[in-house]
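To start, the structure itself, in structure tokens.
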Amino acid sequence: MAVFDYAPAPESRELANLKPSYRPFIGGEFVNGSGEPLKTINPATEEVLAEVGTASESDVDTAVRAARKAYEKVWGPMPGAERAKYLFRMARLIQERARELAVLETLDNGKPIKESRDSDLPTVAAHFFYHAGWADKLDYAGFGPDPKPLGVAGQIIPWNFPLLMLAWKIAPALATGNTVVLKPAETTPLTALVFAEICQQAELPPGVVNILPGAGDVGQSLVRHDGIDKIAFTGSTEVGKLIQREVAGTPKRLTLELGGKAANIVFDDAPLDQAVEGIVNGIFFNQGHVCCAGSRLLVQESIVDEVLDKLRYRVSTMRLGDPLDKNTDIGAINSDSQLTKIRELVESGEAEGAHRWTSSCPVPERGFFFAPTVFSDVHQSMRIAREEIFGPVLSVLTFRTPDEAVTKANNTPYGLSAGIWTEKGSRILSIANRLRAGVVWANTFNRFDPTAPFGGYQESGFGREGGRIGLEGYLNV
């Protein structure tokens with residue numbers, strides 16, 4: 001069957017309103033950071049997008065003081081109904097500027113515009129709308145008669161979903177009466193700084209939200225600052241462990257959302273065409289830059305050949321290339337260092353005896369791209385089955401019985417997510433109850449909703465974000 005050849009359908013990069021330089025946001029104003037400026041690049045072209053001023057330890061101190069003042073004088077004492085008005089206003093402004101933000105996110109991150117536009121931005125706005133609704137209802141949320149905010153939250157977010165991770169952190173913090181000092185990822189700071197403009201547009205009181213671009217030293221200063229009451233971190237397990245050691249023995253509250261190596265389990269009675277779409281979405285969405293990606297596919301032995309045939313054909317139809325093209329399925333890897341890591345792990349898979357299949361799709365000569373890859377004949381001991389690749393690489397393992405599927409799925413230090421594909425509801429409930437994963441999807445994958453809590457176990461972290469239970473991490477209860 002021939003694959004449709006689509007004409008280019010590029011989105012205009014002019015919509016991003018890209019500026020030559022950006023600055024930290026402290027106390028309601030954009031200020032000159034005293035850190036060493038960085039240049040953020042477009043991973044699809046390797047061109048410099050903008051120069052970004054960064055924060056130093058003294059800037060962190062200034063931002064924390066501004067957040068403390070806003071918490072004590074304005075935001076903390078403010079009635080919940082009044083706080084809600086600001087969050088509703090911010091949500092509407094995000095919707096109004098959604099196209100601009102989507103293009104800017106794609107330029108800075110490398111993800112396809114159709115994902116930024118159709119997935120990320122609607123969910124960002126939904127988180128602010130949802131949490132705005134909670135702001136005046138906390139007394140009735142089951143946390144006791146008078147739940148109190150913690151104070152100043154230090155928040156550190158990753159590069160894979162820059163604006164969405166910001167929303168996951170800032171919306172519940174503000175709804176519960178806390179103020180925020182947020183550090184975006186070093187490689188993707190731009191949409192966070194445009195969000196700071198939205199805070200100004202919404203006339204958010206100065207100091208309620210502060211944005212500090214920079215590298216790991218800025219995050220370290222934030223974690224160590226005595227004026228921080230709570231740290232919320234999303235990122236690698238290695239850095240999460242360092243933060244946990246730093247916070248241990250202090251009164252700071254901590255939530256960690258870390259790495260994953262999710263199992264996507266396909267039984268022999270599953271609707272295979274639907275399952276293949278779910279498998280593709282589970283691992284190739286956002287170039288595999290997803291902590292809950294279904295990077296381990298467990299297929300019942302009797303159907304593995306059929307699943308692999310369907311999967312390889314489906315992957316061969318995926319289009320890799322310019323992230324601003326609305327027809328692109330797989331965009332650019334976020335950085336050269338991440339691309340190097342992906343290549344190194346793929347080489348280890350081949351060296352250890354797994355069978356590699358890589359799509360024959362053309363790969364641009366310029367930019368950080370990696371063609372979607374599927375490994376079969378994978379064993380549990382291989383690095384590609386144990387380590388988080390964080391790229392468009394799928395490892396396929398087999399099982400014979402439900403018990404073996406559960407055992408293999410749980411054979412990981414992680415515990416963030418999992419998927420189950422079967423027509424039997426009783427099997428879904430039985431298997432889901434035995435999987436050590438914070439989120440289990442049934443006959444779907446990578447579905448997110450601000451009303452549903454998200455988080456993991458073991459080396460995937462602790463605490464939950466989203467839903468009613470996600471508010472608890474920002475309340476003194």
Side-chain angles (χ1 to χ4, degrees), residues 63-64 66-88 90-91 124 126-157 164-183 195 199 204-205 207-211 219 222-223 225 227-235 240 243-244 247 250-258 438 450-456 461-477:
V64 173
R68 176 65 58 187
K69 181 179 178 181
Y71 168 69
E72 293 178 350
K73 302 292 185 182
V74 181
W75 199 250
M78 185 182 291
E82 294 301 310
R83 291 199 304 269
K85 293 177 183 178
Y86 286 101
L87 269 74
F88 278 125
M90 293 159 75
V124 169
H127 270 273
F128 278 92
F129 277 123
Y130 172 74
H131 286 96
W134 270 116
D136 64 344
K137 303 174 184 67
L138 299 175
D139 289 347
Y140 314 101
F143 300 127
D146 190 25
K148 298 293 186 183
L150 297 174
V152 178
Q155 303 178 326
I156 304 169
I157 59 175
L164 182 56
M165 292 296 99
L166 176 150
W168 278 28
K169 298 283 188 290
I170 289 182
L174 298 193
T176 49
N178 301 273
T179 55
V180 165
V181 181
L182 179 134
K183 191 199 91 67
F195 175 79
C199 292
L204 194 69
V208 173
V209 169
N210 305 271
I211 310 288
L222 192 58
V223 169
H225 200 287
I228 294 292
D229 299 297
K230 188 256 171 63
I231 292 292
F233 173 77
T234 296
I243 291 173
Q244 189 171 13
V247 171
T250 75
K252 293 186 179 80
R253 295 273 291 275
L254 177 65
T255 53
L256 298 173
E257 196 265 281
L258 308 175
T451 67
F454 181 88
F462 49 82
R464 295 294 180 265
E465 294 180 302
R468 185 195 68 87
I469 197 64
L471 300 169
E472 187 174 357
Y474 292 95
L475 290 170
N476 190 10
V477 294

key: Qualifying residues under ring pair (Phe, Tyr, Trp, His ring centres under 6.0 Å), relative to Y474, sequence neighbours excluded   =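 Ring pair (Phe, Tyr, Trp, His ring centres under 6.0 Å) list for Y474, sorted by chain: empty.
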
inquiry  = If the condition is ring pair (Phe, Tyr, Trp, His ring centres under 6.0 Å), which residues does F128 pass it with, not counting sequence neighbours?
reply    =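 In terms of ring pair (Phe, Tyr, Trp, His ring centres under 6.0 Å), with neighbours along the sequence ignored, F128 is linked to F195.
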
Residues which pass side chain to side chain donor-acceptor pair (under 3.5 Å) with [X], listed by chain and number, not counting sequence neighbours:
X	answer
K137	none
T451	D449
Y130	W134
K73	none

Using the test side-chain contact (heavy atoms from CB on, under 4.5 Å), find all partners of [X] that sit at least two apart in sequence or belong to another chain.
X	result
A126	P450
V74	M78, P205
F462	Q244, L254, L256

On a heavy-atom basis, which atom in [X] and which in [Y] lie closest, and how many Å separate them?
X	Y	result
A67	V181	CB-CG2, 4.0 Å
A84	A132	CB-O, 3.3 Å
G463	T255	CA-CG2, 4.1 Å
C199	M90	SG-CE, 4.0 Å
L222	Q155	CD2-N, 3.9 Å
F143	L471	CE1-CB, 4.0 Å

Sequence-distant partners of E72, salt bridge (charged side-chain N to carboxylate O under 4.0 Å, His left out), two or more places apart =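 Salt bridge (charged side-chain N to carboxylate O under 4.0 Å, His left out) check on E72 returns nothing, list empty.
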
task = With sequence neighbours excluded, tell me which residues meet salt bridge (charged side-chain N to carboxylate O under 4.0 Å, His left out) with R253.
result =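 Once residues adjacent in sequence are excluded, R253 has no partner under the salt bridge (charged side-chain N to carboxylate O under 4.0 Å, His left out) criterion.
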
Between [X] (side chain only) and [Y] (backbone N and O only), is there a donor and an acceptor less than 3.5 Å apart?
X	Y	answer
R464	G470	no
N476	L150	no
K230	G473	yes

Electrostatic pair K85:D136 at N-O distance under 4.0 angstrom =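 D136 and K85: not salt-bridged.
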
[X] vs [Y] side-chain heavy atoms within contact, under 4.5 Å:
X	Y	answer
D139	P147	yes
I228	V223	no
L174	H131	no
N210	L182	no

task = Would you list the pairs meeting side-chain hydrogen bond (donor to acceptor under 3.5 Å, both in side chains) in which at least one residue belongs to residues 164-182, sequence neighbours left out?
result =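 Non-adjacent pairs meeting side-chain hydrogen bond (donor to acceptor under 3.5 Å, both in side chains): H127-W168, K169-T234, K169-E465, T176-N178.
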
message = Once rounded to the nearest 0.5 Å, what's the spacing between atom CG of L138 and atom CD of E472?
response =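 It is 12.0 Å, given to the nearest 0.5 Å.
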
